[in-house]
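To keep things clear, I will list the structure first and then write my remarks on it.
Every value quoted in this text rests on a predicted model; they were computed, and no experiment measured them. In the text below, chain A, chain B and the rest are named by the order of the sequence lines, each starting its count at 1.
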2 protein chains.
Amino acid sequence: MAAEPQRKPRRPRGSLNQQVIVQAALRIADRDGIEALTFPALGRELEAHPTAIYRHFRDKDELMLALVDALHEEVTADGLPVTDDWAADLRAVAGRIHAAFLGHAQVGQIVAARTARRPHEFAVVEHILGCMRRAGLDDSEAARCYRVFADAVLAYSSMEAALHALDPQAREADLLSWEVDYRRLPPEQYPNLAATIDHIPALDSPGNFPLMVELLITAIRAGRAGRAGKGTEEAK
Amino acid sequence: MAAEPQRKPRRPRGSLNQQVIVQAALRIADRDGIEALTFPALGRELEAHPTAIYRHFRDKDELMLALVDALHEEVTADGLPVTDDWAADLRAVAGRIHAAFLGHAQVGQIVAARTARRPHEFAVVEHILGCMRRAGLDDSEAARCYRVFADAVLAYSSMEAALHALDPQAREADLLSWEVDYRRLPPEQYPNLAATIDHIPALDSPGNFPLMVELLITAIRAGRAGRAGKGTEEAK
DNA sequence: ACCTGAACACCGTTCAAGT
DNA sequence: ACCTGAACACCGTTCAAGT
């Protein structure tokens, strides 16, 4: 007959490489969830033998780190514009990171747990440092504020990605728990909750992340006021 | 002779419960790492059959959520003191959360990924809301700032726990990557990095978290200035 | 040099059988 | 009611054998 079984669609010789594997892994994670990202699944997606990936990545952890780096690459893909408004630039880069993490929420959720630093993060570091210096901070303050701003944006985005990555039922249950459980608490024991419960934003409210960014920018603008920890040089 | 084999040290009848299992799980995670926390390992630690845990937890995920809740319990264990200084109270509760997460870093690292809200978190919510209201924020602002402050503290602490939970070699490699890789970058392409590299705190510098908390407090104190997002009522 | 096949150790989960 | 034993499906990883 015309359609013979064709059991083993072998890949051509050198067609497997890190980039092809990373793209396939991203497709699987985005489509079926991070827990569905297994070597057998990768083999099917690539139409290759599951263990062929070991030619290109030492182990699964190294593949995961490559996925995280792919997200950072997406952040810097179109270049990070530098304007004369450092605060606007900080909002922009924070928004880019946040968007990339939620856009690939299944991978974004593991970023916080995988702290390894990879090549594509360099450009982001340089960019944020520039914003801090243009804000008028001295080198020491700029360096410390960079560290905190970048890590806060990373950690918060990763946490929101984790919520975003939950399957719909579990997520709905999580959000409903807030609506239901918290309203049931006795007002005399939880007076502050009782007074403000109607104003508390949802866990996944889109305004949460921008507000955190805005608070950090406000504090950076406020400048030397309220700096904690060692290394606060009064020299000036 | 005297010491007979005694192969199966059976547990007495009703001696297994959620609390006993959670404590055993925490011991294993703290001692051997989160990836060593398996049903077989739990069986050995409890001297019970591995699958006996299924009598008390629906699946492994539910056990993990119980571990996360145990951390929140630790935060509120000694009560959260309310003084006349809302900023100091915010520092204190943030420090408690941070300490609990790093104290059980193996569990702390998964908190951000497991967003489920559990009983022992109620008291923390109430406490932080009280701080925000005493800061002079109206109910809407207090609610929004609570959400961002609490989640930022949670996310940042969880990320630091993840770094803290890495095995020593991997962690050393991560920290060294900063020292080495970043110093190798061409200064003309990364001028801001070149200028500030000596001032950038280490990934695990103990000052990072307090600085983030201080920045948030500074912004909250700055008050209405620079609030972003919808719901910014100009009524006043 | 690169990919494949088979095997190994291990884990989460289920369920019928014991006490 | 509670725990145990055995089995099942599945996964990461290794390694000798193929082309």
* Interatomic distance, L46(B) CG vs dT4(D) P [rounded to whole Å] -> 11 Å
* Structure fact -> Per the under-4.0 Å heavy-atom filter, residues of residues 49-58 of chain B near DNA chain C come out as T51(B), Y54(B)
* Asked: Could you give the CG-to-C1' distance, from L42(A) to dG12(D), as a whole number of Å?
  -> 12 Å
* Apply salt bridge (charged side-chain N to carboxylate O under 4.0 Å, His left out) to D198(B) and list each qualifying residue two or more places apart in sequence or on a separate chain. => R183(B)
* Structure fact -> Hits for side-chain contact (heavy atoms from CB on, under 4.5 Å) against A165(B), two or more places apart or cross-chain, chain-then-number order -> A105(B), Q106(B), Q109(B)
* Tell me: CD of E62(B) to P of dT13(C), nearest whole Å? -> 11 Å
* Asked: Any idea how F122(B) and Y182(A) line up, ring-wise: parallel (<30°), tilted (30 to 60°), or perpendicular (>60°)?
  -> perpendicular
* Asked: To the side chain of F39(A), which of dT13(C), dG12(D), dC3(D) is closest?
  -> dG12(D)
* Asked: Should the pair Y156(B) and F209(B) be assigned to parallel (<30°), tilted (30 to 60°) or perpendicular (>60°) ring geometry?
  -> tilted
* To do: Return the value, rounded to whole Å, for the distance between atom CD of E35(A) and atom P of dG12(D).
  => 12 Å
* To do: Report the C-alpha distance between L71(B) and E74(B) in whole Å, list the side-chain angles of each, state the deciding distance to 0.1 Å, and finish with yes or no for side chain to side chain contact (heavy atoms under 4.5 Å, CB included).
  => CA-CA 5 Å; L71(B) 253 56; E74(B) 202 169 278; 5.6 Å; no
* Asked: Is there a donor in the side chain of H104(A) and an acceptor in the side chain of D30(A), or the other way round, less than 3.5 Å apart?
  -> yes
* **side chain to side chain donor-acceptor pair (under 3.5 Å) partners of residues 31-40 of chain A, not counting sequence neighbours, each pair once** => R31(A)-E45(A)
* Separation of atom CD in E47(B) from atom C1' in dT4(D), rounded to whole Å -> 16 Å
* Nucleotide dG12(C), atom C1' - distance to CE of M64(B) in whole Å -> 12 Å
* Between atom CG in D59(A) and atom C1' in dC11(D), what is the gap in whole Å? -> 14 Å
* Once you round to the nearest 0.5 Å, how far does CG of L42(B) lie from NZ of K60(B)? -> 8.0 Å
* Asked: When you look for runs of 3 or more Watson-Crick or G-U pairs in a row, both distances below 3.5 Å, which of them include DNA chain C?
  -> C:4-8 with D:12-16, C:12-16 with D:4-8
* Could you tell me the separation between the CG atom of L63(B) and the C1' atom of dC11(C), rounded to a whole number of Å? => 14 Å
* Taking salt bridge (charged side-chain N to carboxylate O under 4.0 Å, His left out) as the test, write out the residues that go with R96(A), two or more places apart. => none
